[in-house]
Amino acid sequence: MSERLSPSKERPGATSSSPLPYPRFGKKGDGKGKDKDAGQQGVKITREEVESAFAFFDVQGKGVLRPKDLKARLGAFYPQMTNKEYRFLISEQNFTVDTLWNLLDSNTIMNFDPVKEAFKVYDPQESGYVDPEVLKSVMSRMGYGDMTREDLDVLIKTADMDGDGKISLEDFRSMLNFNKNAQQQGEAPSPR
């Protein structure tokens with residue numbers, strides 16, 4: 001990769017403890033992910049969020065990601081992904097949190113909704129709802145074993161924020177926001 005992604009290069013104004021300035025997906029805006037001039041959405045992330053994402057993939061706590069680290073975490077969601085694709089995503093020898101931070105800082109992605117993209121894993125047919133069989137398969141690949149229909153029903157009921165018996169994108173988004181708010185308040189998330 002290019003020199004600009006070298007982990008030894010510190011981005012001006014950013015420190016490991018400072019969340020500002022933000023890398024930004026999209027154009028500068030009002031801090032809510034929207035650009036006032038163009039009306040296009042973008043996503044702002046903090047250094048802390050990048051570090052948290054990196055730690056999720058850095059299972060062994062080595063401080064450096066390898067393609068096998070991505071595969072260990074993403075394999076449950078993307079079982080068809082090849083080793084070559086993982087190597088493409090992590091092609092740098094010393095891919096650190098600084099590498100990720102700098103990479104995100106220099107990219108512009110417009111009209112990107114990360115929750116909607118994550119939801120697509122569970123809704124591959126784009127029906128608008130989580131496919132229970134896909135949910136069962138993902139949970140099994142994550143190490144939770146074979147789930148019974150009763151187990152699935154409990155998961156769906158817990159995530160079904162509007163009570164229609166299915167998990168929609170908005171239910172999924174609400175569930176993630178609920179968990180995020182509970183974590184920020186130091187509480188353990190609980191079902192409704």
Side-chain angles (χ1 to χ4, degrees), residues 43 45-97 99-101 103-104 112-192:
V43 178
I45 56 175
T46 65
R47 175 69 183 216
E48 181 180 347
E49 290 168 327
V50 170
E51 290 173 355
S52 178
F54 186 89
F56 173 77
F57 290 107
D58 186 17
V59 180
Q60 297 176 356
K62 299 177 296 187
V64 176
L65 291 183
R66 302 278 186 250
K68 67 179 181 178
D69 298 320
L70 284 184
K71 187 174 185 175
R73 288 298 195 169
L74 294 178
F77 302 100
Y78 301 102
Q80 72 286 0
M81 204 164 159
T82 66
N83 287 338
K84 184 178 180 179
E85 291 169 316
Y86 287 112
R87 285 191 306 271
F88 174 77
L89 292 173
I90 301 283
S91 59
E92 190 165 309
Q93 189 80 359
N94 291 309
F95 195 95
T96 66
V97 70
T99 308
L100 180 59
W101 177 255
L103 181 64
L104 294 174
F112 178 75
D113 181 351
V115 174
K116 186 174 183 179
E117 292 303 311
F119 184 77
K120 287 179 183 180
V121 169
Y122 299 97
D123 181 22
Q125 303 301 320
E126 297 185 19
S127 67
Y129 299 97
V130 167
D131 180 322
E133 289 306 310
V134 172
L135 178 60
K136 181 179 180 177
S137 177
V138 167
M139 297 300 283
S140 176
R141 288 190 306 261
M142 290 176 64
Y144 292 102
D146 289 331
M147 300 190 73
T148 65
R149 183 66 211 179
E150 184 178 284
D151 294 334
L152 281 173
D153 289 343
V154 168
L155 278 176
I156 291 169
K157 184 177 180 182
T158 301
D160 177 22
M161 304 306 250
D162 62 9
D164 67 356
K166 300 180 270 187
I167 304 171
S168 68
L169 173 59
E170 291 311 311
D171 292 331
F172 191 73
R173 191 180 309 278
S174 295
M175 178 186 64
L176 294 176
N177 287 335
F178 175 80
N179 287 336
K180 184 177 180 180
N181 292 339
Q183 286 176 347
Q184 288 173 346
Q185 295 172 3
E187 303 170 4
S190 61
R192 346 178 236 140

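Excluded from the calculations below are hydrogen atoms, water molecules and symmetry mates; all remaining heavy atoms, backbone and side chain alike, are included.
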(message) If we ignore hydrogens and angles and just use 3.5 Å, is the side chain of T99 paired with the main-chain N or O of T96 as donor and acceptor?
(response)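 Between the backbone of T96 and the side chain of T99 there is a qualifying donor-acceptor contact (under 3.5 Å).
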(request) Give a yes-or-no answer on whether the side chains of S174 and D171 include a donor-acceptor pair shorter than 3.5 Å. (result)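 D171 and S174 do not have a side-chain donor-acceptor pair below 3.5 Å.
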Side chains of [X] and [Y]: does their closest heavy-atom pair fall under 4.5 Å?
| X | Y | result |
| --- | --- | --- |
| R73 | L65 | no |
| K68 | Y86 | no |
| F77 | M142 | yes |
| V130 | D123 | no |
| L155 | M139 | yes |
| L100 | F95 | yes |
| I167 | M175 | no |
| S140 | D146 | yes |

[X] [atom1] to [Y] [atom2] distance, which is reported to the nearest 0.5 Å:
| X | Y | atom1 | atom2 | result |
| --- | --- | --- | --- | --- |
| F88 | N83 | CZ | CG | 15.0 Å |
| Y122 | S127 | OH | OG | 14.5 Å |
| E49 | W101 | CD | CH2 | 9.0 Å |
| Y129 | D164 | OH | CG | 5.5 Å |
| L70 | L89 | CG | CG | 6.0 Å |

(request) Begin with the C-alpha distance, continue with both residues' side-chain angles, and end with the deciding distance and a verdict on side chain to side chain contact (heavy atoms under 4.5 Å, CB included) for V97 and D58. (result) CA-CA 10 Å; V97 70; D58 186 17; over 6 Å; no
(message) Would you say NZ of K62 has more than 12 non-hydrogen atoms from neighbouring residues, nucleotides or ligands within 6.0 angstrom?
(response)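 For K62, atom NZ is crowded (more than 12 foreign heavy atoms under 6.0 Å).
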(request) Show the numbers, then the answer: is there a side chain to side chain contact (heavy atoms under 4.5 Å, CB included) between V115 and L169? (result) CA-CA 8 Å; V115 174; L169 173 59; 4.2 Å; yes
Grab the two heavy atoms, one from [X] and one from [Y], that are nearest each other, plus how far apart they are.
| X | Y | value |
| --- | --- | --- |
| G165 | D160 | N-OD2, 2.6 Å |
| F119 | G128 | CZ-O, 3.7 Å |
| D131 | E133 | OD1-N, 2.8 Å |

(request) Could you give me the CA-CA distance, side-chain angles and deciding distance for D162 and E170, then say whether side chain to side chain contact (heavy atoms under 4.5 Å, CB included) is met? (result) CA-CA 9 Å; D162 62 9; E170 291 311 311; over 6 Å; no
(request) Determine, for R149 against D153, whether the closest basic-nitrogen to carboxylate-oxygen distance falls under 4.0 angstrom. (result)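 Salt bridge: yes.
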(request) Let me see the working for E51 and F54 under side chain to side chain contact (heavy atoms under 4.5 Å, CB included), right down to the final yes or no. (result) CA-CA 5 Å; E51 290 173 355; F54 186 89; 5.6 Å; no
